[in-house]
K.L.:
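Please read through the structure below; I'll follow up with questions.
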Amino acid sequence: MDYRRTYIRDLFAQNPGQEVSAYGWVKTRRDSKGISFVQVNDGSCFQDLQVVVDEGVIDEATLKRITTGACVRFDGTLVESPAAGQAVELKAAGVEVYGEADPATYPLQKKGASFEFLREIAHLRVRGNTFGAVFRVRAEASFAIHKFFNDRGFKNIHPPIITASDAEGAGAMFHVTTVDPFLARPKPVSPEEDFFGKPSFLTVSGQLEAETLALGLTNVYTFGPTFRAENSGTSRHLAEFWMVEPEQAFCSLEGNMNLAEEFLRTVIQHLLDKCSEDLDFFNKRIEPELLSTLDHVVNSNFERMTYTEAVGHLQSSGESFEFPVEWGIDLQSEHERWLTEQKVGRPVILTDYPKDIKAFYMRMNEDGKTVRAMDVLAPRIGEIIGGSQREERLSKLEARIHEMGLPMEAYWWYLDLRRFGSAPHSGFGLGFERFLMYVTGMKNIRDVIPYHRAPGSADF
RNA sequence: UGCCGCUUAGCUCAGUCGGUAGAGCAGCUGACUGUUAAUCAGCGGGUCGUAGGUUCGAGUCCUACAGCGGCAGCCA
């Protein structure tokens, strides 16, 4: 056994008549008088291999061990299939059962399991159609993202997971400590006595570190796990999620938007090319509008409008929103959805938000009221990308840090970037799982990551 | 964290007015010579989320708690 063997995906591309072996897990077995059909899948592709077992080829005791969930190797001949449903099938000559799966207790069956139930058996759900497809698409998307940036000369950088800087002042952070918080002790342990000698946390974003690398490597990106200790239990939030964050020196907000748009189009096109079977399945069984919206994203330019224009559209829409719209508010989910789903019917990039609802590092516009921020909003899921041109002018940045009451001394290294060889630069962040929800049509973010982490939930 | 909903067989669910438990699928046994969500016949399978309360009697009504889900906030 070796990785250089033939996978089920490869068998479908071979000419009939060859002696082959197929390794995988049994989806179902159907018996008729004198013949049995076994569906085998190894995760290499969506389609199952149909194995045909004629009477007498495999002894009855062995055949009975070939049940749903069992791990097997079938040896035999690849033949053209006489029946509809598959072009080729494997005519079995022998079998090796590597691992049985007791049918009375194996929890997966061929129909009727809810995603909530499958989440409880997340270690087994990948053997089903939906989650096999989800994790193939996840892997292919991950590759496509690295390829996109590599093709354009972006360097993949690796900012720390454990950080002492509260990057954006946004989002609750997980403490990292070797002090047992549940141990009763006479007096509190001070941060100086802890492992790092100061309070330290799991990162909520690699952006600030990415900026430092961009001002030297020019074009960089991160792609890794980030952590938020927010107590939010929704279908769009995770405590541990993966984020893609490119950062470009010598790049304006317009260049940033161009990159974001090209990024989404290129990666989605890659998936349409490489994962068509899986995406067809999602389109058929999960989200009927999936392929048409993905095609639309690939083939149309994104709408661009300023926050101020968007507020105008919302106010003159005639819609009755739960939260009234006025200039200066942070747009609510209902507003974002109306803009992208009703107003323009495709992704929208909103720019130039009021400074008071955005982070300190975003570049101030001439009006002194708005900053060079952008959010990419997509139909069905809302905000998928958030980014900005960064404030490269030292005095303006210091003024913002002061204005927002942030500790100036903690940002000494970040301010050094503006002191020594500052450059106009821009970047954005994309939530990888949000992106996967968009391209698979899956409705719950917990179903696009193998093992989700959320408040009160850290199983497996 | 707030509001709402759900929790009954391995899974998906039904359960009327409060009167002691039902279906489909899965499983098991058998039938069928090409099935592909196979089909057909039969069989087994339940502390109705937990703890209290009301009642002669609770799956059903009330309270608390837990788990799950939806929406909202926060955000990616």
Side-chain angles (χ1 to χ4, degrees), chain A residues 27-40 47-56 64 67-69 79-86 89 91 101-121 128-129 168-172 204-207 225-245 285 321-323 330-337 357-359 375-378 381-387 428-438 443-449 454-457 459:
Chain A
K27 281 257 186 75
T28 67
R29 192 188 83 220
R30 296 179 294 274
D31 297 322
S32 277
K33 177 105 181 144
I35 191 168
S36 291
F37 301 92
V38 185
Q39 301 290 128
V40 180
Q47 196 182 351
D48 302 326
L49 177 70
Q50 173 162 277
V51 178
V52 183
V53 184
D54 286 320
E55 191 165 29
K64 288 208 170 189
T67 58
T68 300
V79 298
E80 280 184 49
S81 178
Q86 58 281 318
E89 61 192 22
K91 192 175 178 60
D102 178 7
T105 52
Y106 185 64
L108 279 176
Q109 54 188 48
K110 45 192 151 187
K111 85 173 201 186
S114 64
F115 289 147
E116 292 79 18
F117 171 69
L118 291 172
R119 231 168 271 153
E120 296 170 11
I121 51 164
N129 285 337
E168 310 177 27
V204 296
S205 164
Q207 183 200 309
T226 51
F227 307 86
R228 304 275 167 94
E230 299 289 350
N231 191 7
S232 54
T234 83
S235 58
R236 302 186 311 283
H237 291 83
L238 292 169
E240 175 179 318
F241 64 100
W242 286 61
M243 194 148 60
V244 179
E245 294 177 290
R285 301 291 283 275
F321 293 111
E322 185 185 345
F323 295 90
D330 209 353
L331 297 181
Q332 307 292 321
S333 295
E334 56 173 345
H335 306 139
E336 296 183 342
R337 293 190 62 168
I357 58 171
K358 287 294 181 182
D375 282 358
V376 181
L377 312 179
I381 59 164
E383 184 180 342
I384 190 170
I385 282 178
F428 64 78
L430 167 111
F432 186 47
E433 284 78 17
R434 292 260 176 98
F435 174 78
L436 289 172
M437 291 172 74
Y438 191 65
K443 305 295 186 291
N444 193 313
I445 199 166
R446 300 171 184 195
D447 293 329
V448 296
I449 190 167
S457 178
D459 297 325

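Quantities reported herein were computed from a predicted structural model and do not represent experimental measurements. Convention: sequence-line order gives letters A, B, ...; per-chain numbering from 1.
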K.L.:
Hey, does A:R236 reach any base, or is it just sugar-phosphate, or nothing, if we go heavy atoms under 4.0 Å?
P.N.:
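Base, at least one base heavy atom under 4.0 Å.
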K.L.:
When all nucleic acid strands are considered with a 4.0 Å heavy-atom cut-off, which category describes A:P103: base, sugar-phosphate, or nothing?
P.N.:
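Result for A:P103 = sugar-phosphate.
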K.L.:
Contact class for A:G34 (heavy atom, under 4.0 Å): base, sugar-phosphate, or nothing?
P.N.:
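The residue A:G34 makes no contact with any strand.
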K.L.:
Does A:Q39 reach the side chain of A:R30, with side-chain heavy atoms less than 4.5 Å apart?
P.N.:
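Yes, side chains in contact.
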K.L.:
In which ranges does RNA chain B form stems of 3 or more consecutive Watson-Crick or G-U pairs, distances under 3.5 Å?
P.N.:
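Consecutive-pair runs (3 or more) involving RNA chain B: B:1-7 with B:66-72, B:10-13 with B:22-25, B:27-31 with B:39-43, B:49-53 with B:61-65.
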K.L.:
If you look at every strand shown and take non-hydrogen atoms under 4.0 Å, does A:S81 touch a base, only sugar-phosphate, or nothing?
P.N.:
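It contacts base atoms.
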K.L.:
Report yes if a side-chain nitrogen or oxygen of A:S232 is closer than 4.0 Å to either non-bridging phosphate oxygen (OP1 or OP2) of B:C75; otherwise report no.
P.N.:
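It does not, given that no N or O in the side chain of A:S232 lies less than 4.0 Å from OP1 or OP2 of B:C75.
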K.L.:
Heavy atoms only, 4.0 Å cut-off, all strands: where does A:G233 land among base, sugar-phosphate and nothing?
P.N.:
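Touches a base.
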K.L.:
Any N or O donor-acceptor pair linking the side chain of A:E55 to the base of B:U33 at under 3.5 Å?
P.N.:
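Counting by modelled atom types and ignoring angles, no donor-acceptor contact under 3.5 Å is found here.
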K.L.:
Compare side-chain N and O positions of A:R446 against OP1 and OP2 of B:G69 and report whether any pair is under 4.0 Å apart.
P.N.:
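Answer is yes, contact under 4.0 Å.
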K.L.:
At under 4.0 Å between heavy atoms, what does A:R29 touch on the DNA or RNA strands: base, sugar-phosphate, or nothing?
P.N.:
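No contact at all - A:R29 keeps every heavy atom at 4.0 Å or more from the nucleic acid.
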K.L.:
Donor-acceptor pair, A:T226 side chain versus A:W242 backbone, under 3.5 Å?
P.N.:
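Not at all, since once roles are kept as given, no pair shorter than 3.5 Å links the two residues.
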K.L.:
For the backbone of A:D447 and the side chain of A:R119, can you confirm whether one donor and one acceptor N or O come within less than 3.5 Å of each other?
P.N.:
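It does not hold such a pair.
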K.L.:
Taking the side chain as every heavy atom from C-beta outward, state whether A:L238 and A:R446 have any pair of such atoms under 4.5 Å apart.
P.N.:
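The answer is yes, as the side chains (C-beta and beyond) meet within the 4.5 Å cut-off.
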K.L.:
Starting from the 5' end of RNA chain B, give me the residue, A:T67 or A:N231, whose nearest nucleotide shows up first.
P.N.:
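Per heavy-atom nearest nucleotide, the more 5' residue is A:N231.
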K.L.:
Listed by chain and number, what are the side-chain contact (heavy atoms from CB on, under 4.5 Å) partners of A:E334, not counting sequence neighbours?
P.N.:
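Scan of A:E334 (side-chain contact (heavy atoms from CB on, under 4.5 Å), adjacent residues dropped) gives A:F321, A:E322, A:F323, A:Q332.
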K.L.:
NA contact type, A:D330, heavy-atom cut-off 4.0 Å: base, sugar-phosphate, or nothing?
P.N.:
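Sugar-phosphate contact only - A:D330 comes under 4.0 Å of backbone atoms but never of a base.
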K.L.:
Categorize A:F117 for me: base, sugar-phosphate, or nothing, with a 4.0 angstrom heavy-atom threshold over every strand shown.
P.N.:
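The residue A:F117 makes sugar-phosphate contact but no base contact.
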K.L.:
Does the B:G70 base have a donor-acceptor partner in the side chain of A:E116 within less than 3.5 Å?
P.N.:
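By the distance-only test, no, there is no pair.
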K.L.:
For B:A37, does either OP1 or OP2 sit under 4.0 Å from a side-chain N or O belonging to A:N129?
P.N.:
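Answer no for this pair, as no side-chain N or O of A:N129 is under 4.0 Å from OP1 or OP2.
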K.L.:
Write down the distance between CD (A:E322) and P (B:G2), rounded to a whole number of angstrom.
P.N.:
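Value for this atom pair: 17 Å.
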K.L.:
Answer yes or no: is there a side-chain heavy-atom contact under 4.5 Å between A:L108 and A:L118?
P.N.:
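Side chain of A:L108 against side chain of A:L118, heavy atoms only: contact under 4.5 Å found.
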K.L.:
Report yes if at least one side-chain N or O of A:T234 is closer than 4.0 Å to OP1 or OP2 of B:G70; otherwise report no.
P.N.:
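False: A:T234 side-chain N/O out of range (4.0 Å or more) of B:G70 OP1/OP2.
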K.L.:
Using a heavy-atom cut-off of 4.0 Å across all strands, would you classify A:I384 as base, sugar-phosphate, or nothing?
P.N.:
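Sugar-phosphate, backbone atoms only, no base.
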K.L.:
Taking atom C1' of B:G73 as reference, at what distance in whole Å does atom CG of A:L331 sit?
P.N.:
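Those two atoms, CG and C1', are 15 Å apart.
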K.L.:
May I have the distance from A:W242 (atom CH2) to B:C75 (atom P), rounded to whole angstrom?
P.N.:
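Computing the A:W242:CH2 to B:C75:P distance gives 24 Å.
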K.L.:
Within a strict 4.5 Å, meaning less than it, do heavy atoms of the A:F115 and A:N444 side chains meet?
P.N.:
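When only atoms from C-beta onward are counted, A:N444 and A:F115 do not touch, as no gap falls below 4.5 Å.
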K.L.:
Nearest-Å distance, NZ (A:K91) to C1' (B:G34)?
P.N.:
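Atom-to-atom, A:K91 to B:G34, this comes out as 11 Å.
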K.L.:
Using a 4.0 Å heavy-atom cut-off to protein, can you give one letter per nucleotide of nucleotides 39-48 of chain B, 5' to 3': B if the base is in contact, S if only the sugar-phosphate is, - if neither?
P.N.:
----------
K.L.:
Of A:S235 and A:Q39, whose nearest nucleotide on RNA chain B comes first from the 5' end?
P.N.:
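Its nucleotide being nearer the 5' end, the pick is A:Q39.
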K.L.:
Contact class for A:E240 vs. all strands (heavy atom < 4.0 Å): base, sugar-phosphate, or nothing?
P.N.:
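No contact.
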K.L.:
With a 4.0 Å cut-off on heavy atoms, is A:Q332 in touch with a base, just the backbone sugar-phosphate, or nothing at all?
P.N.:
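The answer is sugar-phosphate, as A:Q332 gets under 4.0 Å only of primed atoms, P, OP1 or OP2.
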